[in-house]
Amino acid sequence: MATPLKLNNTLSRKKEIFEPLEAGFVGMYVCGPTVYNPVHLGNCRTFTSFDLIYRYLMYKGYRVRYVRNITDVGHLTDSGEDKMAKEARISKLEPMEVAAKYANDFHDMMRIFNNLNPSIEPQASGHIIEQIEMVQQIIDNGYGYEVNGSVYFDVAAYEKDMEAKGDNAPHRYGALSGRKIDELLSETRELNSQAEKKSPSDFAIWMKAKPEDLQKWKSPWGVGFPGWHLECSAMSTKYLGETFDIHGGGNDLKFPHHENEIAQNVGCCHRGGARYWLHTNMLLMNGRKMSKSDGNTVTPDQLFTGDSPHLTKGYSPMAIRFFMLQTHYSSTMDLTDEALQAAEKGYLRLMEAIRTLGKLEVSGKAQNETVGKELAEGMAAAFAEMDDDFNTPKALARVFEIVTKINALAGGQLSTDEVNPATLDRLKTDLHALIFDVLGLQDEAAGGSNAHTKALDGVMDVLLDIRQQARTDKNWGLSDQIRDALSEAGIKVKDGKEGATWSV
RNA sequence: GGUCGGGUGGCCGAGCGGCUAGGCAGUGGUCUGCAAAACCUCGUACGGCGGUUCGAUUCCGCUCCCGACCUCCA
């Protein structure tokens with residue numbers, strides 16, 4: 001650990017040095033998807049961001065427990081219907097079938113983007129008992145009240161106690177999202193249960209079920225279901241404890257979801273849950289919000305196939321992942337066809353350079369090893385950028401400076417005498433670790449070791465030998481014919497100083 | 001309307017009180033039978049108007065525009 005890991009804590013709005021509760025261990029909770037429809041591309045970006053954070057924490061040597069939930073109950077639409085139930089009704093499925101269908105879809109997409117599985121992936125409907133207990137505890141602590149079988153969180157009562165603790169109490173309601181409690185209290189909102197609540201800013205932690213509701217459980221307050229927000233408080237507490245290290249999620253969840261989560265945690269356990277909050281920013285397309293209603297949207301599958309009016313072609317999952325990595329997780333990211341093309345080329349150049357590095361041999365005969373030192377410094381700088389709030393765009397910038405040097409060594413513009421073999425080995429190890437283990441990229445063009453790729457290697461050797469003979473004989477017609485025909489077949493031939501190489 | 005975050009060269013996108021981001025595209029070269037690739041070179045950008053400062057793209061104020069949340073959405 002050359003430099004300390006710093007991260008931007010959205011709770012304090014400051015960049016802070018990360019110190020886990022228990023040395024060597026990290027507990028991280030990330031709000032997962034509500035599984036009522038196919039995964040949104042924005043979801044992919046959010047979870048890819050946390051994947052990289054997860055990977056980097058592990059690279060730093062931490063043992064990480066990464067909890068990412070699946071919400072399958074309690075999340076209501078604006079008309080007050082449960083999202084799961086609505087989809088179940090429309091598609092004539094059991095709510096659990098809806099959950100399974102879209103959870104599977106979600107997992108498939110996570111795998112395609114090479115996101116690691118979390119350590120634990122709890123589902124809200126599987127933690128009803130924990131949620132009921134939490135509601136009870138909140139009531140017992142004086143922050144919840146029951147009306148007609150529903151239970152609401154009493155924001156005013158909560159805030160009064162927090163205020164009494166002093167102005168700097170970190171868990172005052174609104175502290176995370178920058179909301180002013182007075183404004184929230186005076187806001188009038190058209191919610192279904194408005195009449196039952198003492199105040200508009202109160203929110204349901206347990207909701208009475210209507211007869212037609214499909215997902216409902218018995219509770220001390222009658223048959224009902226837990227409120228959205230509660231599942232995250234209950235499950236993070238269960239698996240990570242009343243206080244844990246990192247809580248993440250999309251920017252749009254800051255309010256009310258995360259604000260309410262903190263209130264529930266404190267309201268139940270007198271502790272606020274996470275010490276560091278991380279929020280990822282939104283994905284735009286062509287400078288505007290992705291929105292189904294005006295057609296300014298694209299699905300992950302469309303992105304792969306290119307089947308969209310917004311795209312000129314399809315892009316591979318790793319090109320897209322690389323594209324995401326070129327933007328900091330906390331910045332809005334603008335998806336455009338042009339930007340994707342640029343990212344794809346950059347990704348391919350990076351992969352090519354890593355393959356070149358694998359074949360590179362150096363002598364280290366020169367005394368000073370000047371180039372070797374630059375390579376080592378560049379690599380250290382890249383990791384230092386990762387330590388600075390997971391700054392992947394800057395880390396990649398350092399990597400591309402290394403890429404140029406690798407190519408120059410291979411092309412003869414830089415002398416291989418200037419790099420020691422040990423330095424080169426170290427570079428190979430570190431670069432692999434950063435690109436594949438931490439950033440989670442994969443070399444899509446790298447051949448496997450199966451019989452077909454071996455056979456292709458053999459065929460290519462034969463063809464390139466024939467072409468080389470033709471070139472020696474100055475038979476340009478034949479050599480160009482081979483090159484053009486291979487190009488047609490999707491194989492690029494590149495003539496280098498030490499013979500030709502090829503790539504798919 | 002309220003709260004918050006942005007507006008950077010042709011495109012995307014980092015960053016910062018004075019010193020090269022990086023990728024892609026473009027310029028001119030080197031290499032090559034040609035081409036591609038690779039390498040070298042160049043480009044002097046920070047929405048507008050003021051202010052603070054020896055000096056601001058970077059700090060402050062105002063203004064315009066965009067986005068997020070407040071209301072379903074990562």
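The chains referred to below are lettered A, B, ... by the order of the sequence lines, with proteins before strands, and numbering in each begins at 1.
- By the 6.0 Å contact criterion, CD on A:Glu361 is open, its count of non-hydrogen atoms from other residues, nucleotides or ligands being 12 or less.
- Nucleotides B:G22 and B:C40, compared at atom P, are 11 Å apart to the nearest Å.
- Note on A:Ser331: every side-chain N or O is 4.0 Å or more away from OP1 and OP2 of B:G6.
- Evaluation of atom-type donor-acceptor distances gives no pair under 3.5 Å for the side chain of A:Arg179 against the base of B:C4.
- Annotation for A:Leu278 and A:Thr10: closest pair N-OG1, 4.0 Å, computed over non-hydrogen atoms.
- Atom name C1', nucleotides B:G15 and B:G23: the rounded distance is 15 Å, in whole Å.
- Among A:Tyr276, A:Trp277, A:Tyr66, the one residue that satisfies the ring-ring contact (aromatic ring centres under 6.0 Å, His included) test with A:His247 is A:Trp277.
- At B:A74, none of the side-chain N or O atoms of A:Asn251 fall inside 4.0 Å of OP1 or OP2 (strictly under the cut-off).
- Between A:Trp476 and A:Gly249, the one whose closest nucleotide on RNA chain B sits nearer the 5' end is A:Trp476.
- Between A:Asp334 and A:Arg288 there is no salt bridge, since no side-chain nitrogen of the basic residue lies less than 4.0 Å from a carboxylate oxygen of the acidic one.
- Remark on RNA chain B: of its neighbouring residues A:Arg45 and A:Thr404, the 5'-side contact belongs to A:Thr404, judged by nearest-heavy-atom nucleotide.
- A distance of about 35 Å separates the P atoms of B:G47 and B:G29, rounded to the whole Å.
- Pairing for B:C42 is with B:G26, a Watson-Crick or G-U wobble pair whose two hydrogen-bonding atom distances lie under 3.5 Å.
- When distances are taken from the side chain of A:Gln326 to each of B:C12, B:G23, B:G13, the shortest belongs to B:G23.
- When rounded to the nearest whole Å, the span between CG of A:Leu284 and C1' of B:C65 equals 14 Å.
- A gap of 10 Å separates the C1' atoms of B:C59 and B:U53, to the nearest Å.
- Rounded to a whole Å, the CG atom of A:Asp388 is 8 Å from the P atom of B:C16.
- Residue contacts for A:Lys492: at a heavy-atom cut-off of 4.0 Å it reaches no nucleic acid atom on any strand shown.
- Rounding to whole angstrom units, CD1 of residue A:Ile402 and P of B:A38 are separated by 17 Å.
- Across B:G2 and B:G13, the matching C1' atoms stand 31 Å from one another, rounded to whole Å.
- Contact annotation for A:Thr280: no contact, since no heavy-atom pair falls under 4.0 Å across all strands.
- Nucleic acid contact for A:Glu338: sugar-phosphate only, since backbone atoms but no base atoms lie under 4.0 Å from a heavy atom of the residue.
- Taking the C1' atoms as reference points, B:U41 lies 10 Å from B:U30, given to the whole Å.
- Between the CZ atom of A:Arg398 and the P atom of B:G13 there is a distance of 18 Å, given to the nearest Å.
- Distances were taken from every side-chain heavy atom of A:Arg288 (C-beta onward) to each of B:C34, B:G67, B:A38; the shortest belongs to B:G67.
- In this model, the phosphate group of B:G15 is approached by a side-chain N or O of A:Asn391 to a distance below 4.0 Å at OP1 or OP2.
- Look at NZ on A:Lys394: it is 9 Å from C1' on B:C16, rounded to the nearest Å.
- Counting any heavy atom pair closer than 4.0 Å across all strands shown, A:Ala342 reaches a base atom.
- Nearest to the side chain of A:Lys289, among B:A21, B:C69, B:A35, sits B:C69.
- Ranking B:A74, B:A21, B:A14 by closeness to the A:His328 side chain, first place goes to B:A14.
- In this structure, the side chains of A:Phe304 and A:Ser316 stay at 4.5 Å or more apart for every pair of heavy atoms.
- Figure legend: cation-pi geometry between A:Lys313 and A:Tyr315, with NZ or CZ positioned under 6.0 Å from the six-membered ring centre and within 45° of its axis.
- In this structure, the nucleotide among B:G22, B:C70, B:A14 sitting nearest to the side chain of A:Glu401 is B:G22.
- Between A:Lys394 and A:Asp388 there is no salt bridge, since no side-chain N of the basic residue sits under 4.0 Å from a carboxylate O of the acidic one.
- Contact annotation: A:Asn407 side-chain N/O to B:A38 OP1/OP2 distance is not under 4.0 Å.
- Picking from B:A68, B:C12, B:G33 the nucleotide with the shortest atom distance to the side chain of A:Asp480 gives B:G33.
- As rounded to whole Å, 13 Å separates atom C1' of B:C66 from atom CG of A:Asn281.
- Following rounding to the nearest Å, A:Asn296 (CG) and B:G67 (P) show an atom-to-atom distance of 10 Å.
- The side chain of A:Gln413 sits closest to B:C39 out of B:C12, B:C39, B:G13.
- Across all strands shown, the partner of B:C49 is B:G61, judged by Watson-Crick or G-U wobble contacts whose two distances both fall under 3.5 Å.
- Across all strands shown, A:Gly287 has heavy atoms under 4.0 Å from sugar-phosphate atoms exclusively, and none from any base.
- Between A:Met324 atom CE and B:C12 atom P the separation is 17 Å, expressed in whole Å.
- You'll find that the side chain of A:Asp252 is closest to B:A68, out of B:A14, B:C72, B:A68.
- With both pairing distances under 3.5 Å, B:A68 is matched to B:U3 as a Watson-Crick or G-U wobble pair.
- A:Arg321 has a carboxylate O that lies under 4.0 Å from a charged side-chain N of A:Asp51, or vice versa, which qualifies the two as a salt bridge.
- On a pure distance criterion of 3.5 Å, a polar donor-acceptor pair joins the side chain of A:His40 and the base of B:A74.
- Salt bridge annotation for A:Glu418-A:Lys373: absent, with no cationic side-chain nitrogen under 4.0 angstrom from a carboxylate oxygen.
- In this structure, A:Glu374 pairs ionically with A:Lys405, as a charged nitrogen and a carboxylate oxygen lie closer than 4.0 Å.
- With P as the reference atom, B:G6 and B:G10 are 23 Å apart, rounded to whole Å.
- If you check every strand for non-hydrogen atoms under 4.0 Å, A:Met333 touches sugar and phosphate atoms only.
- Of the C1' atoms belonging to B:A37 and B:C4, the separation is 47 Å, rounded to the nearest Å.
- Residues from residues 343-358 of chain A lying near RNA chain B, meaning a heavy-atom separation below 4.0 Å, are A:Lys345, A:Gly346, A:Arg349 in numerical order.
- Using a cutoff of 4.0 Å between basic side-chain nitrogens and carboxylate oxygens, A:Lys6 and A:Glu16 are not scored as salt-bridged.
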